[in-house]
Amino acid sequence: MTPRTTSRRVFGNTYGHPAPPTVAALRALGAVVLRTDRDGALAVTGAGAGVRVARD
């Protein structure tokens, strides 16, 4: 699997996941890493084989 977009919840994330090396690995694969503290609320919808991510 090669992710194109990933998201991470920042507020209320007391575990600190994902770890910085994980984020670096995702970026190295070319994935866009969205963060709720920088990008706001995210709405993820799927239909068939596609997924759409909308920023609030």
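Heads up: numbering here begins at 1 and tracks the sequence. What you see below is based on every heavy atom in this structure, not just the backbone, and it leaves out hydrogens, waters and symmetry mates. None of the values given here were measured: they were computed from a predicted structure.
Note that CG of Leu34 and CZ of Arg55 are 5.0 Å apart. Values are rounded to the nearest 0.5 Å.
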For a quick test of your reading: what N or O donor-acceptor pairs under 3.5 Å do the side chains of residues 16-33 make, sequence neighbours left out?
none

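Annotation: side chain to side chain donor-acceptor pair (under 3.5 Å) contacts involving residues 37-54, sequence neighbours excluded, comprise Arg35-Asp37.
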